[in-house]
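Notes follow the structure.
Here is the naming used below: chain letters follow the sequence lines, and residue numbers restart at 1 for every chain. Just so it is clear, the values below take in all heavy atoms, side chains as well, and ignore hydrogens, waters and symmetry mates.
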2 protein chains.
Amino acid sequence: MDKNLKRMATMHRMQVTGLELFYKQGYYNTSIDDILKELSLSKGAFYYHFQSKEDFFISIVQNLIVQKVYSMLIEPIEGKEDPFRTIDKCFENALETAEHNEYDYGFVLSNFMAEFNGRNEEISKYLRDIYRVWEVNLVTILQKGKTDGFVARHIDSEGVATYLISSFIGIRMLMVEGNSKMLSYQFMQQLRHYLASMVQQELV
Amino acid sequence: MDKNLKRMATMHRMQVTGLELFYKQGYYNTSIDDILKELSLSKGAFYYHFQSKEDFFISIVQNLIVQKVYSMLIEPIEGKEDPFRTIDKCFENALETAEHNEYDYGFVLSNFMAEFNGRNEEISKYLRDIYRVWEVNLVTILQKGKTDGFVARHIDSEGVATYLISSFIGIRMLMVEGNSKMLSYQFMQQLRHYLASMVQQELV
DNA sequence: AAAAAAACCGACCAAGTGGTCGGTAAGAAA
DNA sequence: TTTCTTACCGACCACTTGGTCGGTTTTTTT
């Protein structure tokens, strides 16, 4: 933690409100004034703390978005025993949280990835890094699952991780369109079906 | 086809260029002037043909995007025999096309869904409609596949359709980040694995 | 309490934004 | 050829955008 308390407090408030609005309205569709109005702060305050809108957003990615993804999707999986049970629980929990969020606009990471893909390489890079950590994390637990006898040895951990991430990104996108309860239920059923097809069969 | 040839030609040119830029840069990040500059046309021409930017975009959805999704994802599946083979081929073809597209910015439908979700209900509605047709289409072929003995009877067609769409949306998003060849290969392997687990077993 | 540094204010700027409107080419109808 | 309609032009408008800067308040240091 930095010592500079007031500074950090104001910056943090701006970042929190910034993420809220960027998430809700999109980056390009949200102006700095929108954020400042919400906080009753001035342009001067903003540009005292941040160099530009882009710099501001990157700080949000590194401070808030990273943390969100970690606590929701990465930490719940790290170092656990049974990969499939763990992934099942983690995804279920993530979907349930989204489902009960009245103001759900989708998966933070993929929303911004969609908005910046091919348009802002700098920001894309930071977002991509987060997704990579997630992927590595999944691959790790799957590999460990093989040696621990949970996961069939012939499966391709990287491929499974890719498929899991893909399906998660997609379902979160669909859920925003409404009917999220039904969708997440259907999704979890199929996910279980998919995972079940990869458990290590008992040696007879 | 409308008779008004010149009218239709100009409108069409605007729509094509519009979709190109909206797809590449995003809707909110693309100005009407951007499009007009590309075509050496004036504001007057634009507002002679379209009422507003939103009206313009909706016409693009209804004319171009619908058609793109249909020809790539819906028609190749309609009325075919073996559902899993058909879906496999269709997805593989779609991914391959994307993979070889140097200027790939992701899945048109889901990109715009992400951009407008919760921000423009009008436009979201039209996009949602397309996705619904796709879903119904998948469910239909799966159900037919049951009676034809291709698909295990116990599976939930709606659930499978949702899962397929989710994973497709997700993988297309990931592919933009690069390494698309490897990603689409991994994806297809897992898709096949998933589909294979649902084939109707031979009655002994 | 005085001085210095940190935090914040808000008027201002140039460069856009979506959209309007009176006018003008060009092709079809008379 | 004249008339009329369709298609298009581009200056203009009100408003918003990201960003600057000289100045003021608040906090910390001395």
Side-chain angles (χ1 to χ4, degrees), chain A residues 1-61 63 112 115-116 119-123, chain B residues 1-61 63 112 115-116 119-123:
Chain A
M1 271 291 175
D2 278 55
K3 263 186 148 184
N4 235 323
L5 278 183
K6 179 128 195 227
R7 179 186 181 85
M8 296 312 278
T10 305
M11 287 178 81
H12 192 253
R13 282 176 63 217
M14 286 179 178
Q15 290 167 334
V16 169
T17 305
L19 176 54
E20 223 168 79
L21 293 186
F22 286 145
Y23 172 60
K24 195 188 290 185
Q25 314 176 359
Y27 176 83
Y28 292 112
N29 197 31
T30 302
S31 68
I32 296 171
D33 278 330
D34 287 344
I35 298 160
L36 263 13
K37 207 180 294 167
E38 193 103 336
L39 293 165
S40 301
L41 283 171
S42 67
K43 274 266 172 71
F46 182 88
Y47 283 96
Y48 176 75
H49 291 292
F50 303 100
Q51 283 178 32
S52 64
K53 192 185 181 186
E54 180 172 332
D55 172 64
F56 175 57
F57 186 77
I58 290 176
S59 85
I60 291 180
V61 174
N63 288 297
F112 289 127
E115 192 165 8
F116 293 113
R119 320 198 226 287
N120 187 319
E121 185 49 38
E122 175 84 358
I123 293 180
Chain B
M1 273 291 176
D2 278 54
K3 263 186 151 185
N4 235 323
L5 278 184
K6 181 133 194 223
R7 179 187 181 85
M8 296 312 280
T10 305
M11 286 179 81
H12 192 253
R13 281 176 63 218
M14 287 179 178
Q15 289 167 334
V16 169
T17 306
L19 175 55
E20 223 168 80
L21 293 186
F22 286 144
Y23 171 61
K24 194 188 293 185
Q25 314 177 4
Y27 176 83
Y28 292 111
N29 198 31
T30 302
S31 70
I32 297 172
D33 278 329
D34 287 344
I35 299 160
L36 263 12
K37 207 179 294 166
E38 193 103 335
L39 293 165
S40 301
L41 283 171
S42 67
K43 274 269 172 71
F46 181 87
Y47 283 97
Y48 176 75
H49 291 293
F50 303 100
Q51 283 179 33
S52 64
K53 191 185 181 186
E54 180 172 330
D55 172 65
F56 174 56
F57 186 77
I58 291 176
S59 86
I60 290 180
V61 174
N63 288 298
F112 289 128
E115 192 164 8
F116 293 113
R119 319 198 228 287
N120 187 318
E121 185 48 39
E122 175 84 359
I123 294 180

Under 4.0 Å: is that the gap between some side-chain N or O of B/His49 and OP1 or OP2 of D/dC8? yes

* D/dG19 phosphate, OP1 or OP2, under 4.0 Å from A/Tyr47 side-chain N/O -> yes

_Can you see if the side chain of B/Tyr48 gets near the phosphate of D/dA7 - specifically, an N or O under 4.0 Å from OP1 or OP2?_
yes

Output for pair (A/Arg13 CZ, A/Ile35 CD1), nearest 0.5 Å, gives 13.0 Å

dist B/Ile123:CD1 -> B/Tyr27:OH (nearest 0.5 Å) comes out at 5.0 Å

Enumerate donor-acceptor pairs with a distance under 3.5 Å from any side-chain N or O in residues 19-26 of chain A to protein atoms, sequence neighbours excluded.
{"unit_1": "A/Tyr23", "atom_1": "OH", "unit_2": "A/Asp104", "atom_2": "OD1", "d": "3.2"}
{"unit_1": "A/Tyr23", "atom_1": "OH", "unit_2": "A/Tyr105", "atom_2": "N", "d": "2.9"}
{"unit_1": "A/Tyr23", "atom_1": "OH", "unit_2": "A/Gly106", "atom_2": "N", "d": "3.2"}
{"unit_1": "A/Tyr23", "atom_1": "OH", "unit_2": "A/Gly106", "atom_2": "O", "d": "2.7"}
{"unit_1": "A/Gln25", "atom_1": "OE1", "unit_2": "A/Thr30", "atom_2": "OG1", "d": "3.3"}

(message) Please determine whether a side-chain nitrogen or oxygen atom of B/Thr10 lies at a distance below 4.0 Å from atom OP1 or OP2 of D/dC8.
(response) yes

Those residues at least two apart in sequence (or on a different chain) that pass ring-ring contact (aromatic ring centres under 6.0 Å, His included) with A/Phe112 are A/Phe57

Under a 4.0 Å heavy-atom cutoff, the residues of residues 28-41 of chain A touching DNA chain D are A/Thr30, A/Ser31, A/Ile32

Whole-Å distance, B/Phe46 CZ to C/dG19 P, equals 8 Å

Those residues at least two apart in sequence (or on a different chain) that pass side-chain hydrogen bond (donor to acceptor under 3.5 Å, both in side chains) with A/Glu121 are A/Arg128

Output one line per pair: protein atom, nucleotide atom from nucleotides 10-12 of chain D, and distance, for all N/O pairs under 3.5 Å.
{"unit_1": "D/dG10", "atom_1": "O6", "unit_2": "B/Gly44", "atom_2": "N", "d": "2.9"}

With sequence neighbours left out, the residues meeting side-chain hydrogen bond (donor to acceptor under 3.5 Å, both in side chains) with A/Ser59 are A/Gln15

How about A/Phe50 and A/Met11: do any of their side-chain heavy atoms sit closer than 4.5 Å? yes

Residue set satisfying side-chain contact (heavy atoms from CB on, under 4.5 Å) with A/Arg119, at least two apart, ordered chain then number -> A/Tyr28

Residues passing the side-chain hydrogen bond (donor to acceptor under 3.5 Å, both in side chains) test with A/Ser31, sequence neighbours excluded, are A/Asp34

note: B/Met11, atom CE; D/dC8, atom C1'; distance rounded to Å ~ 14 Å

A/Leu21 atom CG is separated from D/dG18 atom P, nearest whole Å, by 12 Å

For B/Asn63, the side-chain hydrogen bond (donor to acceptor under 3.5 Å, both in side chains) test, sequence neighbours excluded, returns none

Taken to the nearest whole Å, CE/B/Met8 to P/D/dA7 is 11 Å

Within residues 52-60 of chain A, the residues having a heavy atom closer than 4.0 Å to DNA chain D are A/Ser52, A/Lys53

Quick note, salt bridge (Lys or Arg N to Asp or Glu O under 4.0 Å) partners involving residues 35-58 of chain A, not counting sequence neighbours, are A/Asp33-A/Lys43

